[in-house]
Number of protein chains: 2
Amino acid sequence: MIEAELFTDAHAHTAGRPERDELEISAVLHALSDPVRLQIVAALHDGVERSCGSLELPVTKSTCTHHFRVLREAGVIRQRHEGTSRLNSLRRDDLEARFPGLLDTVLRAAATS
Amino acid sequence: MIEAELFTDAHAHTAGRPERDELEISAVLHALSDPVRLQIVAALHDGVERSCGSLELPVTKSTCTHHFRVLREAGVIRQRHEGTSRLNSLRRDDLEARFPGLLDTVLRAAATS
DNA sequence: TCTATAGTACGACGATCATCGTACATCTGC
DNA sequence: GCAGATGTACGATGATCGTCGTACTATAGA
């Protein structure tokens, strides 16, 4: 990750949190292609912010951290610090602006499995 | 692949060509999450059957075969033999029945990249 | 201050992935 | 039959992935 050393303030966000116009369809689809991550996204679908621990996932804490990072770096979710928790929420607006209908379509598809 | 030896006629299709009701959203999303495969799917979007070689892809023949297999085993495309060629086409109807709107949404998202 | 609690960082592991080259199979046209 | 074209099979390689355990940080509450 040589680029990390080159980040200016203007681009320092790109590693962990891609801007709306930087979202890549391949990365988003890859993020959504894992069952555990799809479960996370489905749980956040109602718009309510949820902590990592409040979701009952069939993996350990460290794997959980990994999946939240993949979703965050793909631009699917954002994470907000509050106390000892990280509150997660979907980036609905950004996703809808960039890839209209994608999130709803995928979640509806996942629901009928 | 032990199952291969156990296939009866009733299930002999499942390895290479999942039935409509066997399509899995995770497998489909994974298949679509690769740029080369997305390019293939976009090229087949007009409904025209195309041979593997008629698509100009930035990979070798064997890699091409690999990508077509991933798409076929996920249920995204079907392959038909004709002469020395394999004609590929999207499984539009099956995908639409199982995951309504998914294909169009993804392709529209991919087009705006 | 001490102790939980919530999550991250890091390293490891086996599995899967995308890619390639070479060899092979199959069909067409001569 | 032979040569060319189209695609597959197989093995290899380096990269990425999903998972875990352990150690760590940071906050909240007593």
Side-chain angles (χ1 to χ4, degrees), chain A residues 1-4 15-17 24-41 43-44 48-89 110, chain B residues 1-5 15-17 24-41 43-44 48-74 76-89 110:
Chain A
M1 312 306 178
I2 300 171
E3 313 95 40
R17 308 163 184 253
E24 288 180 16
I25 184 66
S26 294
V28 171
L29 291 177
H30 169 250
L32 296 176
S33 71
D34 180 274
V36 174
R37 290 195 291 265
L38 209 45
Q39 185 179 340
I40 294 173
V41 172
L44 296 175
V48 177
E49 282 184 319
R50 295 177 196 281
S51 67
C52 306
S54 72
L55 284 70
E56 295 199 359
L57 300 170
V59 290
T60 65
K61 277 198 305 177
S62 44
T63 303
C64 198
T65 295
H66 162 71
H67 285 309
F68 278 102
R69 181 172 49 235
V70 172
L71 287 170
R72 173 168 39 83
E73 293 184 351
V76 178
I77 65 169
R78 70 174 66 80
Q79 286 184 301
R80 186 168 69 82
H81 295 227
E82 179 153 315
T84 66
S85 299
R86 307 292 181 275
L87 294 180
N88 305 279
S89 57
Chain B
M1 314 304 176
I2 300 172
E3 312 94 39
E5 306 172 4
R17 307 163 184 254
E24 288 180 14
I25 184 65
S26 294
V28 171
L29 291 177
H30 170 251
L32 297 176
S33 72
D34 181 275
V36 174
R37 290 194 292 263
L38 209 45
Q39 185 178 340
I40 294 173
V41 172
L44 296 175
V48 177
E49 281 184 321
R50 296 178 196 280
S51 67
C52 305
S54 72
L55 284 71
E56 294 199 0
L57 300 170
V59 289
T60 65
K61 277 198 305 176
S62 45
T63 302
C64 200
T65 296
H66 161 71
H67 285 308
F68 278 102
R69 179 171 51 235
V70 172
L71 288 169
R72 173 168 39 83
E73 292 184 350
V76 177
I77 66 170
R78 71 174 66 78
Q79 285 184 301
R80 187 168 68 83
H81 295 226
E82 179 152 316
T84 67
S85 298
R86 307 292 181 274
L87 293 180
N88 305 279
S89 56

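Convention: sequence-line order gives letters A, B, ...; per-chain numbering from 1.
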Rounded to whole angstrom units, what separation is found between the [atom1] atom of [X] and the [atom2] atom of [N]?
| X | N | atom1 | atom2 | result |
| --- | --- | --- | --- | --- |
| B:Leu87 | C:dT26 | CG | P | 18 Å |
| A:Arg80 | C:dT8 | CZ | P | 14 Å |
| A:His81 | C:dT5 | NE2 | C1' | 16 Å |

Next on the checklist: Given 3.5 Å as the limit, does a donor-acceptor pair link the side chain of B:Arg72 with the main chain of B:Gln79, or not?
Outcome noted: no
Residues two or more places apart in sequence or in another chain: which of them pass side chain to side chain donor-acceptor pair (under 3.5 Å) with [X]?
| X | result |
| --- | --- |
| B:His66 | none |
| A:Glu24 | none |
| B:Thr65 | none |

Checklist entry - Closer to the 5' end of DNA chain D via nearest nucleotide, is it B:Ser51 or A:Asp34? => result B:Ser51
Checklist outcome for this item: The answer to which of A:Arg86 and B:Ser85 contacts DNA chain D further toward the 5' end, by nearest nucleotide, is B:Ser85
Checklist outcome for this item: Counted 5' to 3', the first and last nucleotides of DNA chain D within 4.0 Å (strictly under) of a heavy-atom of chain A are D:dC17 to D:dA28
Next on the checklist: If you take any heavy atom closer than 4.0 Å to DNA chain C, which residues from residues 24-33 of chain A end up in contact?
Outcome noted: none
Next on the checklist: With a 4.0 Å cutoff (strictly under), does any side-chain N or O of B:Arg37 reach OP1 or OP2 of C:dA18?
Outcome noted: yes
Next on the checklist: For DNA chain D, which residues of residues 59-67 of chain A approach it to below 4.0 angstrom with any heavy atom?
Outcome noted: A:Val59, A:Thr60, A:Ser62, A:Thr63, A:His66, A:His67
